[in-house]
Amino acid sequence: MTDDPDRKGRSGPVLFELEDDSAPASPSEAPPVPEPETQPTLPEGRAMATAAALAARRPSRLARWFWALLGTLVSTLISVAAWRFVTDLIASVPLLGYAVTALMVLFLLVILLIVIKELAALSRLSRVDALHRAATAALADDDLAAARAVTDKLTALYAGRDDTRWGRERMRDRGPEIFDARGVIGLAETELLAPLDAAARREVEAAARQVATVTALVPLALADVAAALGSNLRMIRRIADIYGGRSGTLGSWRLIRAVMSHLVATGAVAVGDDMLEPILGGGLLGKLSRRFGEGLVNGALTARVGVAAMEVCRPLPFATTRRPSARSVVRTALSGLVRTSDRD
């Protein structure tokens with residue numbers, strides 16, 4: 001490699017000439033630095049999402065064993081202590097001891113009645129589930145005999161209710177005239193379940209309004225979660241009562257876990273700007289106050305839970321009648337709140 005004779009004995013920086021001879025732009029002519037766009041964060045319905053996760057979460061097997069053994073141990077210790085207390089009291093003060101024994105017997109009798117009531121509630125829920133499965137199978141197989149058997153059991157389920165008397169009479173008059181399974185199930189939906197569907201929808205709308213109002217007005221961190229979980233539990237229990245599957249405490253938790261597990265598994269416990277667009281208009285949700293937006297989103301999620309609960313608690317699937325849309329329920333339930341806020 002040969003040295004450049006022109007660079008011998010030269011020190012310092014080396015200048016390179018650019019091909020473009022145009023003068024550089026001054027700082028005043030430089031384009032402005034773009035500012036980052038601040039997009040409003042949309043409400044996420046965190047209270048309903050937390051309530052759904054709590055209700056759908058299944059305890060581990062170790063936790064179930066822990067609580068079962070703890071309950072057995074505590075009940076055994078209480079029983080032994082109560083027995084010793086009663087026997088010692090009878091030995092020292094017989095009259096008072098026999099009175100306390102009678103009170104304990106009455107208490108155990110009440111506990112037994114509660115257990116029987118819970119078992120009866122679980123039996124009713126199982127009966128409604130069996131009707132739903134039988135109707136689905138009859139529709140899939142187009143089995144007229146199975147469809148008639150389902151409607152007969154459904155009529156027997158509502159035999160003692162005054163709000164279904166007219167529908168049962170219509171079923172008795174028009175049922176023999178229909179000779180296909182879908183028509184028989186459709187007649188039962190129209191005549192028997194249509195007023196029950198309307199009542200269940202009103203319960204869903206009331207629960208959605210309540211959750212939206214509590215979330216928007218109560219500033220406490222966990223109060224909205226407790227209100228959402230309690231309102232949804234009451235809503236699901238009332239929907240089950242409407243459809244004939246009256247549930248006790250255990251049955252209510254079984255229903256809410258079934259509904260929430262379905263919603264969590266399908267990713268339905270999420271709502272965005274598109275679901276509230278019918279009542280708010282496009283893009284308006286992000287312009288509302290954070291608390292009010294959270295209330296609307298939690299109310300919308302409650303409406304979605306209510307529609308899922310109607311599907312779970314209904315003794316027949318939505319075959320010929322249209323399933324209620326969560327968006328239409330939201331529009332009816334929350335439109336009054338939005339109009340009020342707009343006037344304010």
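Positions are given from 1, in the same order as the sequence printed here. No hydrogens, no waters, no symmetry mates; every other heavy atom, side chains included, goes into these values.
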Is the shortest side-chain heavy-atom distance between [X] and [Y] below 4.5 Å?
X	Y	result
Thr321	Phe318	yes
Leu113	Lys117	no
Gln210	Arg234	yes
Thr72	Thr76	yes
Arg127	Leu157	yes
Val184	Leu144	yes

Grouping I, L, V, M, F, W and Y whenever their side-chain heavy atoms are under 4.5 Å apart, do [X] and [Y] come out in a common cluster?
X	Y	value
Ile90	Leu103	no
Met104	Val93	yes
Tyr98	Val100	yes
Ile78	Trp67	yes
Leu119	Ile114	no

Could you walk me through whether Val204 and Val305 pass side chain to side chain contact (heavy atoms under 4.5 Å, CB included), step by step? CA-CA 8 Å; Val204 176; Val305 171; over 6 Å; no

Residues, nucleotides or ligands: over 12 heavy atoms within 6.0 Å of Leu112 CG: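 Yes.
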
Tell me if the CZ atom of Phe107 is crowded by more than 12 foreign heavy atoms within 6.0 Å.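 12 or below, so no.
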
Could you tell me whether [X] and [Y] make a salt bridge, using a distance below 4.0 angstrom between a side-chain N and a carboxylate O?
X	Y	value
Asp173	Arg170	no
Asp180	Arg182	no
Glu189	Arg314	yes
Arg174	Glu191	yes

Please check this pair: side chain of [X] against backbone of [Y], looking for a donor-acceptor N/O pair closer than 3.5 Å.
X	Y	value
Arg168	Tyr158	yes
Arg148	Gly175	yes
Asp143	Ala145	yes
Thr332	Ser328	yes

Residue pair [X] / [Y]: nearest heavy atoms and the distance that separates them:
X	Y	answer
Ala146	Ala138	CB-CB, 3.8 Å
Pro324	Val307	O-CG1, 3.4 Å
Met171	Leu187	SD-CG, 3.6 Å
Val128	Cys313	CG1-O, 3.4 Å
Leu139	Ala319	CD1-CB, 3.5 Å
Gly183	Ile178	C-CG2, 3.6 Å

Atom pair [atom1] ([X]) and [atom2] ([Y]), whose distance is rounded to the nearest 0.5 Å:
X	Y	atom1	atom2	result
Leu193	Ile242	CG	CD1	12.0 Å
Leu196	Ile239	CG	CD1	12.0 Å
Ile116	Glu118	CD1	CD	11.5 Å
Thr101	Leu89	OG1	CG	7.5 Å
Ile236	Asp241	CD1	CG	12.0 Å
Ser79	Leu108	OG	CG	8.0 Å

Suppose we screen for salt bridge (charged side-chain N to carboxylate O under 4.0 Å, His left out). Which residues come up paired with Arg238, at least two apart in sequence or across chains?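 Salt bridge (charged side-chain N to carboxylate O under 4.0 Å, His left out) check on Arg238 returns Glu203.
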
With Asp129 via salt bridge (charged side-chain N to carboxylate O under 4.0 Å, His left out) - residues at least two apart: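 With sequence neighbours excluded, Asp129 shows a salt bridge (charged side-chain N to carboxylate O under 4.0 Å, His left out) to Arg254, given in chain and number order.
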
For Arg172, all residues meeting side chain to side chain contact (heavy atoms under 4.5 Å, CB included), sequence neighbours excluded: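 By the side chain to side chain contact (heavy atoms under 4.5 Å, CB included) rule, Arg172 matches Glu169.
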
What verdict does the side chain to side chain contact (heavy atoms under 4.5 Å, CB included) test give for Ile185 and Thr320, after you've listed the backbone C-alpha separation in whole Å, the side-chain angles of each residue and the deciding distance to 0.1 Å? CA-CA 8 Å; Ile185 298 296; Thr320 59; 5.9 Å; no

